[in-house]
Amino acid sequence: MPVITLPDGSQRQFDHAVTVADVAADIGPGLAKAALAGRVGDTVVDTSYLISDDADLAIITARDDDGLDVIRHSTAHLMAQAVKQLFPSAQITIGPVIENGFFYDFSYERGFTPEDLSAIETSMGELAKADLQVSRSELSRDDAVAYFKDQGEHYKAEIIESIPAEEAIGLYGQGDWKDLCRGPHVPSTGHLKAFKLMKLAGAYWRGDSDNEMLQRIYGTAWGDKKALKAYLHRLEEAEKRDHRKFGTALDLFHLQPEAPGMVFWHDKGWRLYLVIENYVREKLSNGGYQEVRTPQILDRSLWEKSGHWGKYDENMFTTGSEKRDYAIKPMNCPGHVQIYNHGLHSYKDLPIRMAEFGSCHRNEASGTLHGLMRVRNFVQDDAHIFCTEDQIQEEVARFIELLKDVYADFGFTDIIINLSTRPEQRVGADALWDKAEAALESVLNTLGLDWTLQAGEGAFYGPKIDFSLKDSIGRVWQLGTMQLDFSMPDRLDAQYVDRDGVKRTPVMLHRAILGSLERFIGVLLEHYAGILPFWLSPVQCVVMGITHRQDEYVKKIAETLKKQGFRVDLDLRNEKIGLKIRQHSVQKIPYLLVVGDREMENGTVALRAQNGDDLGSQSVEAVTELFADLVAKRSRV
RNA sequence: GCCGAGAUAGCUCAGUCGGUAGAGCAACUGAUUCGUAAUCAGUAGGUCGGAGGUUCGAUUCCUCUUCUCGGCACCA
């Protein structure tokens with residue numbers, strides 16, 4: 001006699017055990033049709049799930065997030081079914097739900113082609129239209145293994161073999177096809193109406209690069225065609241923001257085959273780069289950091305001592321001279337320890353905060369390179385803080401304050417914080433880890449920050465806090481980091497003389513706010529869709545005349561603004577004003593200053609903002625004031 | 001690095017079922033001196049990523065290679 005409590009608090013009583021579908025039908029025929037699954041308590045179940053005791057139940061439809069997951073999961077199954085139908089000798093493996101869609105990995109004797117993909121999609125459409133019932137059954141583990149082995153599905157059998165023998169295995173079937181699955185799934189394939197196969201890719205079996213490479217097909221699936229269309233539109237919009245496009249279109253930078261993963265910064269891109277670097281430089285200087293410069297190339301022995309040669313030799317560029325081996329630095333820290341070691345330090349000197357905008361090279365695998373986001377040569381807003389264990393907490397707090405300040409200036413306020421603690425393989429005594437992790441945790445809590453624990457994700461030499469931010473279209477980028485290091489100062493013999501006259505090893509904090517400047521610029525460009533805030537814009541305004549009569553006046557205005565420190569271009573070409581405005585608008589220049597005879601007579605300029613707003617005729621003083629204010633506030637235009 | 005796809009003018013792209021290529025924008029020349037997102041006309045521009053092979057002939061087919069793109073693994 002189950003009593004079913006619905007989300008609105010209403011209750012329905014039945015005199016026999018009921019399925020989720022029964023309850024939905026009892027509520028109304030519309031809901032019965034739309035029901036994809038049910039949520040009993042916290043568990044999402046099939047509509048065929050039988051409820052015999054009192055329960056809280058929500059009927060899940062495509063409008064529910066859980067409903068979307070069910071649709072995506074079922075669409076993955078639909079795809080696997082289609083693949084097996086078209087390519088019977090393909091083997092199925094796993095097919096989970098991911099953000100916005102799903103994928104399924106297959107093993108097949110040849111690679112799938114884009115033509116195969118559209119054939120699979122067509123076939124999926126037919127299977128969905130056939131509205132096949134999806135049914136769940138159970139087998140004992142050993143029977144399930146035997147079943148899949150018999151079907152020639154060796155990967156599936158392997159997965160099931162790793163499940164405890166006493167557990168029953170859930171099988172979902174539709175038509176003549178069955179897959180091992182926890183479920184839940186839609187009641188019939190007719191509920192799958194809005195999906196699209198997106199791309200083909202390789203993926204290692206069980207995510208291990210020593211294993212066979214499988215073929216992964218990615219797809220997206222939604223509750224209805226409209227949502228699918230909206231998603232595809234969002235993808236197009238994201239593509240338009242691709243920072244690599246702005247590299248060429250705005251003449252900021254380029255990459256070429258002779259220097260894979262290493263950026264050629266053009267005039268305008270380098271201006272942007274320098275504005276950012278100098279901005280951080282000033283912030284660090286105000287924050288009590290010293291700035292240093294260390295060599296690009298250091299002897300092998302130093303990298304052996306630091307441990308890098310042993311661990312990362314594949315990923316370092318090396319060179320030689322007169323029988324000596326050198327490595328081009330992949331990081332600044334060993335160099336900083338050399339400066340630290342040059343002289344004797346008292347505990348009174350600590351903390352020492354040492355910053356460097358040093359150019360680093362890492363020989364990243366070729367397949368990982370990606371525009372500015374993943375490069376082989378980069379500069380970080382890098383610094384190392386040498387301090388005592390007792391100073392960790394305060395230094396971390398100071399750093400976070402600085403970081404928030406900097407992020408806000410760049411227009412990012414949505415910061416995501418992760419604390420990563422000791423990994424299995426690590427150096428340093430557990431007592432030290434206890435202390436360090438507690439210190440980081442305590443700082444985060446004291447500052448009242450939201451953070452997530454990533455247990456076991458710390459570096460081998462110490463725990464760390466990572467800072468990510470969300471951009472304007474919701475993508476998350478990890479930028480900042482604060483890593484505690486108990487290993488390197490000791491390896492490289494850094495010491496200080498403590499209060500009691502005993503030499504002790506300082507703790508070293510590796511920290512960066514923006515991370516790689518290259519990558520940060522990539523993130524900025526995508527975040528702002530190329531329309532940079534005034535203070536960052538490589539060209540802040542263009543002054544242009546209507547005819548040649550205003551040439552001298554244009555030059556004078558431009559000169560005045562340049563003297564105030566603004567980045568100004570002038571356009572004296574004999575072109576129509578419409579063309580000039582179009583071209584500079586396309587270049588995303590924050591302000592266009594147009595002068596004709598009228599402005600020349602009045603000593604004013606006609607101001608036009610990047611978004612097309614006509615700000616009317618203004619005096620040069622008013623414009624200067626506006627610009628200075630924008631820079632001071634670092635506000636978006 | 002691995003799987004797959006791609007590389008054609010400065011940029012964006014079309015094309016050639018094997019007979020050495022075409023558009024728009026940009027560039028250059030000329031005309032136009034014009035009031036807020038494209039003035040008109042003309043000219044020039046390519047060893048079709050690189051190397052090798054098949055062929056009478058390769059930008060096209062094959063092999064290798066470099067780089068790029070999408071993933072996977074990696075990311076001190």
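Protein chains get the first letters and strands the later ones, always in sequence-line order, with residue 1 at the start of each. Every value quoted in this text rests on a predicted model; they were computed, and no experiment measured them. Computation of the quantities below employed the complete heavy-atom set of this structure, encompassing side-chain atoms and omitting hydrogens, waters and symmetry-equivalent molecules.
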Would you indicate which nucleotide in A73(B), A76(B), G35(B) comes nearest to any side-chain atom of Ile546(A)? G35(B)

Are any protein N/O atoms closer than 3.5 Å to N/O atoms in nucleotides 7-12 of chain B? If there are, list each pair with its distance.
none

Heavy atoms only, 4.0 Å cut-off, all strands: where does Gly371(A) land among base, sugar-phosphate and nothing? sugar-phosphate

Hey, are Asp116(A) and Arg110(A) close enough for a salt bridge, meaning a charged N less than 4.0 Å from a carboxylate O? yes

Does Gln478(A) put a side-chain nitrogen or oxygen below 4.0 Å from OP1 or OP2 of C75(B)? no

Describe, in one word, how the ring planes of Tyr104(A) and Phe106(A) are oriented to each other, choosing from parallel (under 30°), tilted (30 to 60°) and perpendicular (over 60°). parallel

Quick check on C34(B): is either OP1 or OP2 less than 4.0 Å from any side-chain nitrogen or oxygen of Arg549(A)? yes

If the P atom of U60(B) is compared with that of U20(B), how far apart are they to the nearest Å? 14 Å

Closest non-hydrogen atoms of Ala355(A) and Leu284(A), given as atom of the first, atom of the second and distance, are CB-CD1, 3.7 Å

Would you verify whether the NZ or CZ of Lys588(A) falls within 45 degrees of the ring axis of Tyr528(A) while also being under 6.0 Å from that six-membered ring's centre? no

Would you indicate which nucleotide in C3(B), G1(B), C74(B) comes nearest to any side-chain atom of Met213(A)? C3(B)

Does Glu457(A) come within less than 4.0 Å of Lys464(A), counting only side-chain N to carboxylate O? no

Considering just the side-chain nitrogens and oxygens of Lys311(A), establish if one lies under 4.0 Å of OP1 or OP2 belonging to A76(B). no

Regarding Gln483(A), tell me which of base, sugar-phosphate or nothing describes its non-hydrogen contacts under 4.0 Å with the strands shown. sugar-phosphate

Taking the C1' atom in each of G46(B) and A9(B), what is the distance between them to the nearest angstrom? 5 Å

If the P atom of G49(B) is compared with that of C13(B), how far apart are they to the nearest Å? 15 Å

Using a cut-off of 4.0 Å on non-hydrogen atoms, how would the nucleic acid contact of Ala203(A) be classed: base, sugar-phosphate, or nothing? sugar-phosphate

Under-4.0 Å side-chain N/O to phosphate OP1/OP2 contact, Tyr312(A) with C74(B): no

Pairwise C1' distance, A7(B) and A44(B) [rounded to whole Å]: 25 Å

Base, sugar-phosphate, or nothing for His370(A), non-hydrogen atoms under 4.0 angstrom? sugar-phosphate

Gln296(A) and Ser359(A) have their tightest heavy-atom pair at NE2-O, 2.6 Å

With a 3.5 Å cut-off and heavy atoms only, can you find an N or O donor on one side and an acceptor on the other between the side chain of Tyr204(A) and the base of G71(B)? no

Could you measure between the two P atoms, the one in G24(B) and the one in G19(B), and give it in whole Å? 24 Å

Relative to Trp222(A), does Arg72(A) satisfy both conditions: NZ or CZ under 6.0 angstrom from the six-membered ring centre, and within 45 degrees of the ring's axis? yes

Parallel, tilted or perpendicular: which describes the rings of Trp265(A) and Trp270(A), with under 30° parallel and over 60° perpendicular? tilted

Pairs under 3.5 Å (Watson-Crick or G-U), crossing ones as [ ], inter-strand ones as |: RNA chain B comes out as (((((((..((((.....[..)))).(((((.......))))).....(((((..]....))))))))))))....

Provide the distance between the two P atoms, one in C17(B) and one in C25(B), to the nearest whole Å. 28 Å

Give one of base, sugar-phosphate or nothing for Leu369(A), where a contact means two heavy atoms less than 4.0 Å apart. sugar-phosphate

Regarding Gln256(A) and His254(A), do their side chains bring together a donor and an acceptor under 3.5 Å, going by distance alone? yes

Scan Met331(A) against the nucleic acid and name what it touches under 4.0 Å (heavy atoms): base, sugar-phosphate only, or nothing. sugar-phosphate

Classify Gly207(A) by what it touches in the nucleic acid, base, sugar-phosphate, or nothing, heavy-atom distance under 4.0 Å. sugar-phosphate

Is any side-chain nitrogen or oxygen of Arg216(A) closer than 4.0 Å to OP1 or OP2 of G4(B)? no

Can Ile589(A) and Tyr591(A) be said to form a side chain to side chain contact (heavy atoms under 4.5 Å, CB included), step by step? CA-CA 6 Å; Ile589(A) 309 294; Tyr591(A) 288 99; 5.9 Å; no

Check whether any side-chain N or O of Arg244(A) sits under 4.0 Å from OP1 or OP2 of G70(B), and answer yes or no. yes

Between Phe112(A) and Phe87(A), how do the two ring planes meet: parallel, tilted or perpendicular, split at 30° and 60°? tilted

Does any N or O donor sit under 3.5 Å from an N or O acceptor when you compare the side chain of Arg362(A) with the base of C74(B)? no

Let's test your reading of the model: under 3.5 Å, does the base of G35(B) pair with the side chain of Glu599(A) as donor and acceptor? yes

When we call it a touch if two heavy atoms are under 4.0 Å apart, what does Asp208(A) touch: a base, just sugar-phosphate, or nothing? nothing

How does each nucleotide of nucleotides 38-44 of chain B score, in 5' to 3' order, for protein heavy atoms under 4.0 Å: base (B), sugar-phosphate only (S), or none (-)? BB-----

Reckon Pro260(A) touches a base, only the sugar-phosphate, or nothing at all at heavy-atom distances under 4.0 Å? sugar-phosphate

Row check, Phe103(A) ring normal vs Arg216(A) NZ/CZ: under 6.0 Å, within 45°: yes

Is any side-chain nitrogen or oxygen of Arg608(A) closer than 4.0 Å to OP1 or OP2 of A37(B)? yes

Aromatic ring centroids of Phe534(A) and Phe627(A) under 6.0 Å? yes

Just to confirm, is there a sub-4.0 Å distance from OP1 or OP2 of C75(B) to any side-chain nitrogen or oxygen of Thr368(A)? no

With a non-hydrogen cut-off below 4.0 angstrom, is Asn315(A) in contact with a base, only sugar-phosphate, or nothing? base

Thr93(A) side, atom OG1; Gln91(A) side, atom CD - distance, nearest 0.5 Å: 9.0 Å

Whether the side chain of Arg206(A) and the base of A73(B) hold a donor-acceptor pair under 3.5 Å is what I'd like checked. no

Any base atoms under 4.0 Å from Tyr218(A), or only sugar-phosphate, or nothing? Heavy atoms, all strands. sugar-phosphate

